[in-house]
Q: 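Below you'll find the structure I mean.
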Amino acid sequence: MTTQNSNSADVSTAQETTHDEVLLSVNNLKMHFPITRGIILQRQVGSIKAVDGITFDLMRGETLGLVGESGCGKSTTGRAILQLYEPTDGAVVFEGQDLTDINSGELRRMRRRMQMIFQDPYASLNPRMTVGSIVGEPLEVHKIGGSRREQQQRVQELLEIVGLNPYFINRYPHEFSGGQRQRIGVARALAVNPSFIVCDEPISALDVSIQAQVINLLEDLQSEMGLTYLFIAHDLSVVRHISDRIAVMYLGKIVELADREVLYENPLHPYTQALLSAVPIPDPQVEKKRQRIILEGDVPSPAEPPTGCNFNTRCPQVMDICRQYEPSFTDVGEGHRVACFLYDEVEALNEAGQPVAVAA
Amino acid sequence: MANLIEVRNLQTQFFTQDGIVHAVNGITYDVAEGETVAIVGESGSGKSVGVMSLIRLIPEPPGKIVNGEVNFDGQDLLKLNEEELRQIRGNRIAMIFQDPMTSLNPVLTIGRQITEALELHLNMNREESRARAIELLELVGIPDAGARLDDYPHQFSGGMRQRVMIAMGLSCNPQLLIADEPTTALDVTIQAQIVDLVTRLQSELGMAIIWITHDLGVVAGLADRVLVMYAGFIVEEGPVDVIYGQPRHPYTLGLLRSIPRLDLGRQKRLIPIEGLPPDLLDPPQSCPFAPRCPFVIDKCLEENPPLMAISAVRSSACWVDLSDVEIYDTSADEQVEAVA
Ligand SMILES: Nc1ncnc2c1ncn2[C@@H]1O[C@H](COP(=O)(O)OP(=O)(O)OP(=O)(O)O)[C@@H](O)[C@H]1O
Ligand SMILES: Nc1ncnc2c1ncn2[C@@H]1O[C@H](COP(=O)(O)OP(=O)(O)O)[C@@H](O)[C@H]1O
Ligand code: SF4
Ligand code: SF4
Ligand SMILES: [Mg+2]
Ligand SMILES: [Mg+2]
């Protein structure tokens, strides 16, 4: 099986990847899920703040890695951006249009430009559909497949692009391995010619020997088609490999965002530092010399996040101010942003008694 | 150190409707007292079946241990009756599993689950066992242990449940702890807590550990020796530094090459292992890695190489000499300083 392909030119015209055009702009995005009690009369007794005010830009052609521990809101972020959930607050401006503020017809048209690849290649494909109808379905939904014959041709082309044999078109998902199923998911996402793909842990369910196949495929497709990725993962080694920039999430918020190399060489946020130090490195010599920052305790519930900095219950460097106020997401230079009082010069309190951060 | 357990030519099969699954195909290895041995390999390579066979936890039928010996402290575990085995399981050999939720009883309190084993194996009374349970929970770092004893498993987080499993595993001072992917379901920061905990407990209590994982990074920080499994065979075996420094089996080499490393600069391109592992219902007579192996020669297709000693401390099951092959093509990579 190969990951290279030669005939992708007719799928989409390759684009320049200079990363200087904003494709997607996420502003103060919030996604709160209501917690309800009562069987007949449901009353809301609280809310899960799965995503609680995040802001970032995504440049055309780049890969932004989104990392963080289970339950911190990565998938919810991806889904809220694609409007698979209706965000509680905030704006998602994609190719110039605020997706939270357009009618359903316009949204449907925009959906063609944005696709998602899911974590679990076993659960995400309908077991009763053939590979042909799985990959062809988006063509039908968006009525862009042309005649039956044209559609079939297009599906076979897509299978070839993702390194699957086009003769597999009439087979069912259970006849494929995990890595092959993930390729089917990728082919389906590519069917409508998207410019932006949310990859939600696309390799987590795969064996290490197969993961590299799918990573290489995603990289090839990006350089050939100029795709933009939001790459969600909890494996920081993989994220470092594939991303241009990386955002670290903790309990519904982005705590640090930086260029890939900058983040790994000069992590500023205490959580990022702990996260990086926890990643095991497959080299006994290196491992012997490493000093781990072992965090105490677990991630608090997103239904009751701590007041102040939401990392203060586990932070090795917590200060008094961290329990009272929330640090702002400050640019410390060249687009390296961090939300932590260690880097947030507090100069004055405003009338409400809130500290006012002075941007560096 | 003396050998604590000696596994000889262990072979386990499953007799299913579709045919015989050749899950473990004659594996031989030793674990010394106090030693940590890691077993790595991709899913389905026989890691779990291999260790569950040691204490006969294989569902029979369809499973059957068709061959082999497991010598533990002078007796062959495969020849013991169920009662004799029960004296060893959970007592001298303890096991912790990947998913603590399925291995904890959801309707019993955490405290009861620990005290039960203590009362059974160590003949403690209620009070003694309760005191010891608190001690154990404190040992594995559960805050406010006395108060948490009456909680149910669902009231604990994933990391805390895994700690409870470890506390239970350690409750009878085992000589051997078998851990089957105990951190796979956990986040890296929690994984670091657990690895740290187990290493600390081992240096205090001195038990031997068999740690199954597919994460080569975890192995590097934890193990003395590593066994690499593929298609039910051990294909490479030796001290962890030696194996990682210069792998001598193409599968081990392929694994190390295919994973991105946090401490290296962007590798130009990952080198995947192409293809898939063989179907264990119909295993080939050739070397099982041959269809995916970049070093394959004619002999590989004719004869499956046995695990052969290539030095005093290591063995490999391969016909080809890889001693000159470099793992990382460092010339092409922009190297960056190791992370802190
Ligand atoms: N539909 C929903 N209703 C209520 N709560 C939800 C819903 N979806 C997610 N949540 C909650 O929101 C939080 C964030 O979930 P999310 O799935 O985004 O996490 P994640 O970072 O993707 O985690 P993982 O790494 O485990 O996939 C969690 O506490 C989760 O339980
Ligand atoms: N109860 C069972 N019935 C049939 N086949 C089984 C059973 N348990 C395991 N196997 C098969 O044995 C092989 C080895 O499995 P296992 O040891 O669980 O792999 P892993 O290395 O992932 O732990 C696999 O092919 C698996 O499908
Ligand atoms: S703001 Fe305070 S508690 Fe939060 S990460 Fe920084 S130092 Fe730690
Ligand atoms: S014996 Fe041959 S096919 Fe098998 S791993 Fe060695 S070189 Fe590859
Ligand atoms: Mg998720
Ligand atoms: Mg297993």
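Numbers restart at 1 for each chain; the letters A, B, ... are given by sequence-line order, proteins then strands.
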Q: State, to 0.1 Å, how close A:Pro282 and B:Tyr244 come at their nearest heavy-atom pair, and which atoms those are.
A: O-CD2, 3.3 Å
Q: Side chain of A:Asp207, backbone of B:Ser43: donor and acceptor closer than 3.5 Å?
A: yes
Q: Give, for atom CG of A:Asp220 and atom CZ of B:Arg269, the distance between the pair rounded to the nearest 0.5 Å.
A: 4.0 Å
Q: Pick one of side chain, backbone, both or neither for A:Leu295, based on which atoms fall under 4.5 Å of a heavy atom in chain B.
A: both
Q: Need one label for A:Gln211: side chain, backbone, both or neither, based on atoms under 4.5 Å from any heavy atom in chain B.
A: neither
Q: Pick whichever of A:Ser237, A:Ala274, A:Pro267 has the most heavy-atom pairs under 4.5 Å with chain B.
A: A:Ser237
Q: Is it true that B:Asp263 and A:Arg240 have a side-chain N and a carboxylate O under 4.0 angstrom from each other?
A: no
Q: Considering only heavy atoms, give the residues of residues 219-242 of chain B separated from chain A by less than 4.5 Å, sorted numerically, with 'none' for an empty result.
A: B:Ala220, B:Gly221, B:Val240, B:Asp241
Q: Could you report the tightest heavy-atom contact between B:Val188 and A:Ala278, atom names first, then the distance?
A: O-CB, 3.6 Å
Q: Which heavy atom of A:Gln213 sits nearest a heavy atom of B:Ile273, and at what distance?
A: NE2-O, 2.6 Å
Q: Locate the shortest heavy-atom distance separating A:Val279 from B:Leu262; write the atom from each residue and the value.
A: CB-CD2, 3.6 Å
Q: Looking at A:Glu287, A:Lys289, A:Gln273, A:Lys288, which one has more heavy-atom pairs under 4.5 Å with chain B than the rest?
A: A:Glu287
Q: Is the backbone of B:Ile271 close enough, under 3.5 Å, to the side chain of A:Asn216 for a donor and an acceptor to pair up by distance?
A: no
Q: Non-hydrogen atoms of chain B under 4.5 Å away: do they reach the side chain of A:Glu296, the backbone, both or neither?
A: backbone
Q: Would you say that more than 12 heavy atoms from the other residues, nucleotides or ligands in this model lie under 6.0 Å from the CD of A:Glu334, or not?
A: no
Q: Verify the neighbour count for atom CD of B:Glu204: are there more than 12 heavy atoms of other residues, nucleotides or ligands below 6.0 Å?
A: yes
Q: Is there a side-chain contact (heavy atoms from CB on, under 4.5 Å) between B:Thr189 and A:Ile294 once you walk through the steps?
A: CA-CA 7 Å; B:Thr189 62; A:Ile294 305 282; over 6 Å; no
Q: Could you tell me whether A:Asp283 and B:Arg261 have a side-chain N and a carboxylate O separated by less than 4.0 Å?
A: yes
Q: Below 4.5 Å from any heavy atom of chain A, which atoms of B:Gln193 appear? Answer side chain, backbone, both or neither.
A: both
Q: Is there a side-chain contact (heavy atoms from CB on, under 4.5 Å) between A:Arg292 and B:Val195? Walk through the geometry before answering.
A: CA-CA 11 Å; A:Arg292 288 233 145 79; B:Val195 169; 5.5 Å; no
Q: Does some side-chain heavy atom of A:Val238 sit less than 4.5 Å from a side-chain heavy atom of B:Ile259?
A: no
Q: Report yes if some heavy atom in the side chain of A:His241 is under 4.5 Å from a heavy atom in the side chain of B:Leu270; otherwise report no.
A: yes
Q: Using non-hydrogen atoms and a 4.5 Å limit, figure out which bit of A:Ile293 sits close to chain B: side chain, backbone, both or neither.
A: neither
Q: Which atoms form the tightest heavy-atom contact between B:Gly217 and A:Pro280, and what is the distance?
A: C-CB, 3.3 Å
Q: Which bit of B:Leu216 is near chain A, if near means a heavy-atom gap under 4.5 Å: side chain, backbone, both or neither?
A: both
